[in-house]
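Report on the structure given below.
Sequence lines set the chain letters: A, B, ... in the order given, protein chains first and strands last, and positions in each chain run from 1.
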Amino acid sequence: MKELNKTYSPKDFEGRIYAEWEEKGYFRAVVDKSKKPYCIVIPPPNITGQLHSGHALNNTLQDILIRWKRMQGYSTLWLPGTDHASIATEAKIVESMKADGVTKEDIGRDGFLKRAWEWKRIYGGTIVQQLKKLGSSCDWERERFTLDEGCSAAVQKVFIDLYNEGLIYRGERVINWCPNCRTSISDIECEYEEKDGFFWHIKYPLADGAGQVDFIEVATTRPETMLGDTAVAVHPEDDRYKHLIGKMLLLPLTGREIPVIADEYVDKDFGTGAVKITPAHDPNDFEVGMRHQLPLVNVMDDSAVINAENGGKYAGLERYAARKAIVADLEAEGLLVKVEPHKHNVGGCQRCGVVVEPRASLQWFVSMNHPEKSLSVPAMEVVRDGRLHWAAKRFENVYMQWMENIRDWCVSRQLWWGHRIPAYYCLNSGCEHVTVTETAPEACPKCGAKVVQDEDTLDTWFSSALWPFSTLGFPEKTPELEYFYPTNVIVTGYDIIPFWVARMIFTGLKFMDDVPYRDVFIHGLVRDEQGRKMSKSLGNGIDPLDVIDKYGADALRMTMVFGVSQDSDVRWSENKVTASRNFANKLWNAARFIQMKIDGQLTIDNGQLTVALESESLQIEDKWVLSKFNRLVREVTANLDGYDLGVAAGKVHDFIWGVYCDWYIELVKSRTDSIPVLLYVMDGMLKLLHPFMPFITEEIWQAMPRVSVLGCDYDPPESIMVSRFPEYSEHLDFAEAEADFDKVVELISAIRARRSEMNVPPGKRVSLKIEAADLRLFESSADFFEKLAGCINLEVGETVIPPEDSVIIVTPSARAFLPMGELIDKAKEIERLEKELDKARKDVEFISKKLSNTGFVTKAPAQQVENERAKLAKAQEKLSGIEKSLEGFRK
RNA sequence: GGGAGAUUAGCUCAGCUGGGAGAGCAUCCGCCUUACAAGCGGGAGGUCAUAGGUUCGAGCCCUAUAUCUCCCACCA
């Protein structure tokens with residue numbers, strides 16, 4: 001048996017233990033049909049990433065579930081991997097190339113990809129090493145990467161199948177364009193922020209202008225887009241403009257003629273009631289343009305610089321410079337009516353924050369609401385029929401609301417780092433046939449001309465959407481896929497419900513014909529002490545590795561889970577970490593205590609100590625702790641089942657500290673025959689705690705001898721990781737003993753409180769007389785009153801004559817007398833007792849009142865009424881105890 | 001504009017299907033009691049945001065109001 005160090009120093013063993021686990025292959029998952037499968041796929045961190053607080057939280061929660069299920073005997077697989085994170089990684093590599101003075105264009109696609117893979121080789125493994133420090137029990141032999149061969153095959157298969165079904169199409173639409181990243185982004189990658197802007201009112205003169213009204217006034221927040229205007233729209237019922245519908249206007253600064261059209265889309269009461277229509281630069285205008293067959297006039301290039309094609313004299317100007325120039329020119333021409341300040345929401349790129357430019361372009365889309373083959377409808381049905389269960393209702397609502405309003409998903413990106421779209425275009429301008437296929441065709445299957453592959457790659461979330469089955473072998477029909485799919489639960493933050501969770505659900509249903517996971521366990525974000533999001537720009541983030549270094553991985557994990565509830569974010573504070581570390585220290589010392597106690601008392605045979613724990617040999621305090629432990633097991637398991645991980649952790653913590661250490665150890669300190677119970681409960685607590693604090697529990701567990709309980713042989717595995725999670729046992733249900741001994745605990749607490757209030761020196765021994773109905777209970781507890789309450793010479797009787805000058809302590813089950821001689825101020829004692837009497841009377845009155853309320857007695861559940869009666873009895877006993885005591889005093 | 005959540009001790013948060021308000025930290029008092037001062041024992045501290053309502057009974061359910069947070073939409 002290994003002796004535990006005097007101080008708890010996690011650094012000394014966390015690394016060593018993790019290496020042992022890995023070496024012994026405990027993380028390895030096997031397809032074992034004799035066991036039930038339990039599988040979680042990791043939310044793959046970006047290869048660009050460094051472990052941050054969010055990862056720490058996310059992976060702690062997954063590891064808790066996986067370790068718990070593994071101990072319950074499931075065949076568990078926690079499948080790890082990383083995400084290529086196309087846009088983020090590409091940006092990072094471009095940035096790193098700057099140092100060498102090289103651009104993407106300089107080195108070309110192949111050169112760039114070579115660099116990217118090299119970059120991945122060097123940095124891609126960092127986060128994996130960091131996850132190991134946390135204690136994550138992933139099956140590293142199955143580690144995957146969204147851009148590896150298998151995942152790429154899955155992406156191809158899915159893309160091609162969806163295309164063939166008509167669920168992926170290519171089309172020209174107004175999409176969100178990031179002029180900085182120079183790629184399209186999806187709707188959800190566009191983040192809106194309210195900004196102060198202006199509303200420019202501009203005159204658009206009539207082409208054949210004459211008479212009173214010779215112009216229409218329009219208002220815009222983006223005047224530069226007027227270069228691309230192809231109409232002005234008014235409401236068909238708007239009397240101000242009715243007569244102008246169909247007339248032509250002269251688009252200022254360009255001289256182009258554009259029509260006045262009527263469309264219901266226009267709100268008569270907003271602005272001037274006339275809207276400039278720029279189909280190429282506004283999604284709503286695009287729709288209007290479609291209805292009226294308006295031409296698309298794209299005025300910007302991919303950096304949001306005004307193009308030569310349609311920009312006229314503004315060509316070459318960056319969009320905001322163009323805006324300035326255009327406004328100035330309009331003013332010079334007397335066409336600028338007014339400029340109003342205007343607050344409006346402006347969309348920014350999620351990646352870089354640059355204001356996105358809505359822009360018509362040819363892109364690939366996943367059709368979400370196909371009339372016959374809708375992807376969104378089944379994804380909602382599985383929630384409604386219960387096949388997919390959200391652990392927290394409120395996030396289910398978020399999901400459903402999002403799914404109901406879903407629009408087609410723009411999946412093509414003008415990037416190089418990612419899955420290249422498997423579409424090939426015929427170069428024969430008369431043919432223009434598109435071939436979507438796995439392997440590049442030699443020539444156009446239709447006309448035989450040369451073909452060229454689409455330059456674009458797919459949204460990084462496209463491959464993430466397939467993660468739960470691509471990592472298990474799809475499109476192959478592997479044993480893993482059959483055994484582990486659907487996975488059991490996905491654990492992730494609420495911020496990526498639309499990006500990831502929703503998309504996994506509809507792709508899983510489409511390609512695997514089943515949900516990707518049964519449960520969705522959503523957690524919050526980690527915030528700083530002031531409740532702010534942790535971010536690089538604020539510099540308020542914590543580095544989990546620093547925390548591990550300083551306090552240990554167990555303390556970090558416990559901090560994460562202790563504050564977590566399904567509904568809220570976790571607020572980080574160093575205080576919480578120290579509290580967790582202190583808890584670990586407490587446990588460590590309890591274990592050390594046991595080791596010292598065992599020393600010399602028992603011979604350990606080959607590291608094994610088999611002590612039978614038999615019911616007959618148990619003392620009341622043993623039964624008391626076993627009974628409480630047994631209930632703890634049941635509750636903790638139920639909490640874990642319901643994904644209330646924070647509650648479960650709290651209960652284990654409270655038991656270890658508040659029951660086992662504070663009471664049980666103190667109670668049995670001097671007993672040697674308590675060792676089996678001490679060991680048994682320690683063993684069980686360690687197991688309950690192991691999923692939360694894997695390292696310290698392993699270190700201690702291996703340093704403890706094994707104990708068998710109630711005749712059951714103990715099968716000692718070599719690691720707590722693969723030991724059996726405790727189960728509730730009827731043999732350990734000692735309700736009566738527990739309730740009885742609670743009375744002793746209650747009286748000890750009361751005596752301590754009184755002593756403390758009266759400033760009795762802790763070391764001072766006082767003799768004690770107890771008046772109680774249950775003589776044996778208190779008589780047999782003499783030792784406890786001495787050790788824990790400093791009371792000696794215990795006498796117990798059914799009726800006791802109060803000694804001179806004694807303090808009287810009353811609980812519902814007993815009266816205790818402590819003669820304290822000169823320490824007693826009789827008058828004060830009477831005063832105190834009178835106060836207590838008053839309170840006791842009120843108690844009795846309160847409960848009696850309730851019980852004499854016919855409404856209560858007739859309407860409340862019988863059990864409730866019963867409880868109140870029991871309470872009343874207790875209160876009455878206490879009251880009479882105080883009354884008696886006061887009487888004695890007054891004599 | 002629509003929706004969700006929050007509001008409980010100085011701080012961070014628990015409080016299960018309604019049945020006399022809890023923990024940790026901080027604070028105060030007393031203790032180095034040989035497992036643990038990263039500790040032990042004890043105390044103080046709350047008209048559970050506000051106003052109504054339902055009920056025998058409301059921190060919990062309903063309706064308004066206030067403040068905060070977040071999500072969705074994006075009338076140019």
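Here, B:C29 and B:C13 have their C1' atoms 27 Å apart, quoted to the whole Å. Straight-line distance between the C1' atoms of B:C16 and B:G10: roughly 29 Å, to the nearest whole Å. Taking atom P in both B:G24 and B:A9, one finds a spacing of 16 Å when rounded to whole Å. Separating the P atom of B:A58 from that of B:U65 is a span of 24 Å, rounded to the nearest Å. B:C61 sits 16 Å from B:C48 when the C1' atoms are compared, rounded to a whole Å. Atom name C1', nucleotides B:G22 and B:U34: the rounded distance is 34 Å, in whole Å.
Other residues, nucleotides and ligands place more than 12 heavy atoms under 6.0 Å from the NZ atom of A:Lys195.
Put simply, the side chain of A:Arg394 and the base of B:A4 share no donor and acceptor less than 3.5 Å apart.
Ring planes of A:Tyr660 and A:Phe655: tilted class, angle from 30 to 60°. Below 30°, between 30° and 60°, or above 60°: for A:Phe199 and A:His201 the angle between ring planes is above 60°, a perpendicular geometry.
With distances taken from any side-chain atom of A:Cys661 to the nucleotides B:A38, B:A76, B:A35, the minimum falls on B:A35. Set against B:C36, B:C74, B:A76, the side chain of A:Lys6 has B:C36 as its closest nucleotide. Side-chain proximity of A:Asn345 to B:A35, B:C74, B:G3: nearest is B:C74. Residue A:Arg571 places its side chain closer to B:C13 than to any other of B:A35, B:G3, B:C13. Of the candidates B:C70, B:A76, B:C36, B:C70 carries the atom nearest the A:Arg527 side chain, counting heavy atoms from C-beta on. The side chain of A:Val398 lies closest to B:C71 when the candidates are B:U12, B:G42, B:C71.
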Any N/O pairs under 3.5 Å between the protein and nucleotides 28-31 of chain B? List them or say none.
none

Any N/O pairs under 3.5 Å between the protein and nucleotides 46-49 of chain B? List them or say none.
none

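Here the C1' atom of nucleotide B:A38 and the OH atom of A:Tyr8 are 11 Å apart, to the nearest Å. Taking atom CG of residue A:Leu294 and atom C1' of nucleotide B:A76, one finds them 15 Å apart after rounding to whole Å. For the pair A:Glu404 CD and B:G3 C1', the computed distance is 12 Å after rounding to whole Å.
Counted by atom type alone, A:Asn405 and A:Gln401 present zero donor-acceptor pairs between their side chains at under 3.5 Å. Defined by atom type and a distance below 3.5 Å, a donor-acceptor pair is missing between the side-chain atoms of A:Tyr8 and A:Glu699. A donor-acceptor pair shorter than 3.5 Å can be found between the side chains of A:Arg592 and A:Asn589.
Under the side-chain contact (heavy atoms from CB on, under 4.5 Å) criterion, A:Pro283 pairs with A:Val174, A:Pro358, sequence neighbours left out.
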Which pairs of donor and acceptor atoms, one on a side chain in residues 265-274 of chain A, lie under 3.5 Å apart (sequence neighbours left out)?
unit_1	atom_1	unit_2	atom_2	d
A:Asp267	OD1	A:Asp269	N	2.9
A:Thr272	OG1	A:Glu217	O	2.6
A:Thr272	OG1	A:Ala274	N	3.3
A:Thr272	OG1	A:Ala274	O	3.4

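Within 4.0 Å of A:Thr221, counting heavy atoms only, lie sugar-phosphate atoms of the nucleic acid but no base atom. Contact annotation for A:Ala590: base contact, defined as any heavy-atom pair under 4.0 Å involving a base atom. Contacts of A:Arg407 with the nucleic acid, taken as non-hydrogen atoms under 4.0 Å apart, involve only primed sugar atoms and P, OP1 or OP2. Contact annotation for A:Lys787: no contact, since no heavy-atom pair falls under 4.0 Å across all strands. Across all strands, A:Ile665 comes closer than 4.0 Å to base atoms (heavy-atom distances). Residue A:Glu666 is in base contact, counting any heavy-atom pair closer than 4.0 Å across all strands shown.
Of the options A:Ile188, A:Val398, A:Asp187, a side-chain contact (heavy atoms from CB on, under 4.5 Å) to A:Pro498 is made by A:Ile188 and by none of the others.
Panel note: side chain A:Lys533, backbone A:Leu525; no donor-acceptor pair is recorded below 3.5 Å.
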Under the 3.5 Å Watson-Crick or G-U criterion, the dot-bracket string of RNA chain B, with | for inter-strand pairs: (((((((..((((.....[..)))).(((((.......))))).....(((((..]....))))))))))))....
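Note on A:Arg754 versus A:Glu836: salt bridge recorded, some NZ/NE/NH1/NH2 to OD/OE distance being below 4.0 Å. Salt-bridge check for A:Lys11 with A:Asp549: passed, with a basic side-chain N closer than 4.0 Å to an acidic carboxylate O.
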Under 4.0 Å protein heavy-atom contact, by nucleotide of nucleotides 15-25 of chain B - B base, S sugar-phosphate only: ----BB----S
